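We use all heavy atoms of the structure for the numbers below, so side chains are in, but hydrogens, waters and symmetry mates are not. Note that the structure is predicted; figures quoted are calculated from it, not measured. Residue numbers begin at 1 in each chain, while the letters A, B, ... track the order of the sequences.
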Amino acid sequence: NAGVMQNPRHLVRRRGQEARLRCSPMKGHSHVYWYRQLPEEGLKFMVYLQKENIIDESGMPKERFSAEFPKEGPSILRIQQVVRGDSAAYFCASSPTGVSQETQYFGPGTRLLVL
Amino acid sequence: KNQVEQSPQSLIILEGKNCTLQCNYTVSPFSNLRWYKQDTGRGPVSLTIMTFSENTKSNGRYTATLDADTKQSSLHITASQLSDSASYICVVSGGLSGTYKYIFGTGTRLKVLA
């Protein structure tokens, strides 16, 4: 029973390039959450998705960032025209049904470095 | 403003010793509080979850307490092991914008020495 999988684990991009981060939730989970962890800070909520729907994107910057969770395949967090301030660890979590009290299970994260 | 603060920031103890980590929160309304363990380079792993009515919850050598009146929680680790070296993160669910929106503390970095 594989856990939440994220790839790549490490990603290096130059300023202005695009970054695509992938997240495969645990088997049977249809709810995905993305968090960002800046150096020396706690994780911060970015976006909550269900299959084919964005439920809450209030934590995601309005410009350059987008997220999707298609019917088939992994969830994708896309960052266009990356800047140095985007360097961070990006964690994906999943849960079965999204109801209150439900535990979110985290992936190992993708560490993005923007040169 | 919904916040979660943890202390100490870092802690070094000898193997076999006990320790207690603290968490204060201002999240309102409160739904539940979790403690997660995050090993270096890994994602957080859930240790305990407590709701408003629960005062204490144990998971092996980990015991969490919650005082919902003072909005404080603690995580007590008994008979520490080298593998306990990690960051311990207090996470609160609640607030007006959705209980799925976890609010994370910055964590306590624990180092257990042989």
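The part of Gln38(B) that comes within reach of chain A is its side chain, from C-beta onward, which places non-hydrogen atoms under 4.5 angstrom from that chain. Contacts of Gln104(A) with chain B are made by both backbone and side-chain atoms, with heavy-atom separations under 4.5 Å. In this structure, the portion of Gln37(A) lying under 4.5 Å from any heavy atom of chain B is its side chain and not its backbone. Interface remark: Thr51(B) contributes side-chain atoms only to the contact with chain A (heavy atom separation under 4.5 Å).
Between the side chain of Ser75(A) and the main chain of Glu68(A), a donor-acceptor pair closer than 3.5 Å is present. Proximity of a side-chain donor or acceptor of Arg61(B) to a complementary backbone N or O of Thr78(B) within less than 3.5 Å is detected.
In summary, Glu15(B) and Lys111(B) do not engage in a salt bridge, as defined by a charged side-chain N under 4.0 Å from a carboxylate O.
In this structure Arg9(A) satisfies the salt bridge (charged side-chain N to carboxylate O under 4.0 Å, His left out) test with no other residue, sequence neighbours excluded.
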